Participant: 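Take a look at this one; I'll ask things after.
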2 protein chains.
Amino acid sequence: MTGQVRTVDGRVAGRRGQATRQKLLDCLSEMLSSSPYRDVKVIDVARRAGTSPATFYQYFPDVEGAVLEIAEAMAKEGAGLTELVAGRSWVGKAGRQTAEDLVEGFLTFWRKNDAILRVVDLGAAEGDKRFYKIRMKILNSVNNSLADAIKDLQSRGKVDKEINAAAVAGSLVAMLASVAGHQKGFQSWGVKQSELKPSLTLLVHLGVTGKKPAK
Amino acid sequence: MTGQVRTVDGRVAGRRGQATRQKLLDCLSEMLSSSPYRDVKVIDVARRAGTSPATFYQYFPDVEGAVLEIAEAMAKEGAGLTELVAGRSWVGKAGRQTAEDLVEGFLTFWRKNDAILRVVDLGAAEGDKRFYKIRMKILNSVNNSLADAIKDLQSRGKVDKEINAAAVAGSLVAMLASVAGHQKGFQSWGVKQSELKPSLTLLVHLGVTGKKPAK
DNA sequence: CGGTAAGCTGACGGCATGACAGGACAAGTG
DNA sequence: CACTTGTCCTGTCATGCCGTCAGCTTACCG
């Protein structure tokens, strides 16, 4: 329980304050979508929100702090990605469908939140634990479910026991995240969106089960 | 041939000038390793290089411009990654070795250049074509070779023809790049470095050939 | 209506940016 | 050795953003 929203100087934010705060977050979000992270300035965010820089600093310690806030909200939503994998079958036609749904859901989520996810990715890669934790929170939901699926298949003798479930699951999730983040990039390789999904589906299915998906 | 190195105002740089320029690039590199990209300031780079900000601006239009320079140099080196795949066998024991070498070489390269690669990745994800091109230059060398290998296997009937070679190769390369960039991150999932490589090797081999690698 | 706390902003010192002109320096020339 | 030439570096300056504070306005409550 975080309890109440507070300003930097300790006051509790009322209805109006929370609205302003939210507006700043929204404007920052838009800003991140339209200009490089490095060039996002407090003054621009404030201007766009129709307020002053001083107001921004009343609610957030700095740009990074506000970004963390946005990311946290997104992570909460992203935890729902678990359902794409948890409790689903990896056998036969159903297995193919599971892989397909996972890829589809993942790409959609990533595209929807690409701007903020870019920044989270950078922060995590730079070693910032706070960003790191958020990235984990999102990927973990899928990663753990995938690892469980692999372990389950292992216990039933359908997959080599010497395989490290967590490592394979993590690599697959990293693949999904990376491809999702550079979706546009694939076009330069002459790969269209529509061709990307089947390939990812194939790789995910192969990675989890060791076998090609059923038609 | 770019010909001569030039300053921002058009003069050709002599020996001393090039040394200063290089020193600035080196210091910027160190800076990127030790502090977040967003916080790297021209004045800090200049101070570290024992010179003044004005000197920096004589050789580079801004921080981004200098970063591009460093990235370009790295890309040249990275083009050598082709040799990890080109002309190598994907059959039997040799195939396993190919996958292993590819993973090893890739991870090593990435770790060596992680700071600059982070920035390139961000720039590319943000849609900056210049960064994009550099990222391509590095990944292309591996990607094309991988795609060729898959096509070759397809033509010999060893892999399904309906698979899109470029898409699969691209996804595998993206996976390698992403895992390499978040190597530390896997530790939080309880995955050690030593366990990561076999898993990646497995996935790469599976992706290319559709079969598990031979022991 | 007066008190209190929330909400906002103008203004300010500090620092980074980016441009310029001019000084320092090395190398070649007579 | 003085002089010239072209490279190289820096002092300085206008501009603009950062981050903070005091103080003003607004909303709520008894």
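These numbers come from a predicted model, not from an experiment. Within every chain, numbering begins at 1; the chains are lettered A, B, ... in the order of the sequence lines, protein sequences first and strands thereafter.
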Participant: With a 4.0 Å cut-off on heavy atoms, is B:Phe60 in touch with a base, just the backbone sugar-phosphate, or nothing at all?
Facilitator: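 Here B:Phe60 touches no strand at all.
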
Participant: Taking NZ, NE, NH1 and NH2 as the nitrogens, is one of them in A:Glu64 or A:Arg130 under 4.0 Å from a carboxylate oxygen of the other?
Facilitator: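 Looking at A:Glu64 and A:Arg130, the cut-off is met.
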
Participant: Within a radius of less than 6.0 Å around CD of B:Glu83, do more than 12 heavy atoms belonging to other residues, nucleotides or ligands occur?
Facilitator: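 Not more than 12 within 6.0 Å, no.
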
Participant: Near DNA chain D, which residues from residues 21-38 of chain A have a heavy atom under 4.0 Å away?
Facilitator: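 Close to the strand, none.
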
Participant: Examine D:dT10: is either OP1 or OP2 under 4.0 Å from a nitrogen or oxygen in the side chain of B:Thr55? Give yes or no.
Facilitator: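 Answer is yes, contact under 4.0 Å.
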
Participant: Taking NZ in B:Lys133 as the centre, count heavy atoms belonging to other residues, nucleotides or ligands within less than 6.0 Å. Is the count above 12?
Facilitator: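 Not more than 12 within 6.0 Å, no.
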
Participant: Compare all side-chain heavy atoms of B:Leu84 with those of B:Val142 and state whether any distance is below 4.5 angstrom.
Facilitator: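 Answer no - side chains too far apart.
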
Participant: Separation of A:Phe56 atom CZ from D:dC17 atom P, in whole Å?
Facilitator: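 Atom-to-atom, A:Phe56 to D:dC17, this comes out as 15 Å.
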
Participant: Just wondering, do B:Tyr37 and B:Ile116 contact through their side chains at under 4.5 Å, heavy atoms?
Facilitator: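 With C-beta onward as the side chain, the pair stays apart.
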
Participant: Would you please confirm or rule out a distance under 4.0 Å between OP1 or OP2 of C:dG18 and any side-chain N or O of B:Tyr57?
Facilitator: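 For C:dG18, OP1/OP2 do have a side-chain N/O of B:Tyr57 under 4.0 Å.
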
Participant: Between A:Lys76 and A:Glu72 (salt bridge meaning N to carboxylate O under 4.0 Å), is one present in this structure?
Facilitator: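 The answer is no: the pair does not qualify as a salt bridge.
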
Participant: Can you measure A:Asp9 atom CG to C:dA6 atom P for me and round it to whole angstrom units?
Facilitator: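 Atom-to-atom, A:Asp9 to C:dA6, this comes out as 9 Å.
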
Participant: Examine D:dC9: is either OP1 or OP2 under 4.0 Å from a nitrogen or oxygen in the side chain of B:Thr20? Give yes or no.
Facilitator: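 The answer is yes; a side-chain N or O of B:Thr20 sits under 4.0 Å from OP1 or OP2.
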
Participant: Kindly state which residues belonging to residues 40-47 of chain A come within less than 4.0 angstrom of DNA chain D, counting heavy atoms of the residue only, listed by number.
Facilitator: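 By residue number: A:Lys41, A:Val42, A:Ile43.
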
Participant: Using the 3.5 Å cut-off, write out each protein N or O paired with an N or O of nucleotides 25-30 of chain D and the distance between them.
Facilitator:
none

Participant: Whole angstroms only, please: what is the CD-P distance between A:Gln18 and C:dC8?
Facilitator: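 These atoms are roughly 12 Å apart.
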
Participant: Rounded off to whole Å, could you give me the OH-to-P distance for the B:Tyr59 and D:dT10 pair?
Facilitator: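 The distance from OH of B:Tyr59 to P of D:dT10 comes to 10 Å, rounded to the nearest Å.
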
Participant: Relative to the ring of B:Trp110, is the ring of B:Phe106 parallel (under 30°), tilted (30 to 60°) or perpendicular (over 60°)?
Facilitator: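 Parallel: the ring planes of B:Phe106 and B:Trp110 meet at under 30°.
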
Participant: Look at the side chain of B:Thr98 and the backbone N and O of B:Trp90, then say whether any donor-acceptor pair between them is shorter than 3.5 Å.
Facilitator: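 It does not hold such a pair.
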
Participant: Tell me which one of A:Ile138, A:Leu81, A:Asn143 satisfies side chain to side chain contact (heavy atoms under 4.5 Å, CB included) with A:Val173.
Facilitator: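 Going through the options one by one, the only one that passes is A:Asn143.
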
Participant: Assuming nearest nucleotide by heavy-atom distance, tell me which of B:Val63 and B:Gln58 is located more 5' along DNA chain C.
Facilitator: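 Checking each residue's closest nucleotide, the 5'-ward one belongs to B:Val63.
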
Participant: Looking for any heavy atom pair under 4.0 Å, which part of the strands does A:Thr7 touch: base, sugar-phosphate only, or nothing?
Facilitator: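 Answer is nothing: A:Thr7 stays at 4.0 Å or more from every strand.
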
Participant: Taking A:Glu126 first and then B:Arg38, would you say they form a salt bridge - that is, a charged N and a carboxylate O separated by under 4.0 Å?
Facilitator: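 Looking at B:Arg38 together with A:Glu126, the answer is no, because their closest N to O distance does not fall below 4.0 Å.
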
Participant: Does the distance from a Lys or Arg side-chain N to an Asp or Glu carboxylate O, for B:Asp44 and B:Arg48, drop under 4.0 Å?
Facilitator: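 Salt bridge between B:Asp44 and B:Arg48, a charged N being under 4.0 Å from a carboxylate O: no.
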
Participant: Any side-chain N or O of A:Ser52 below 4.0 angstrom from OP1/OP2 of C:dG10?
Facilitator: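 Indeed not, no polar side-chain atom of A:Ser52 lies that close.
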
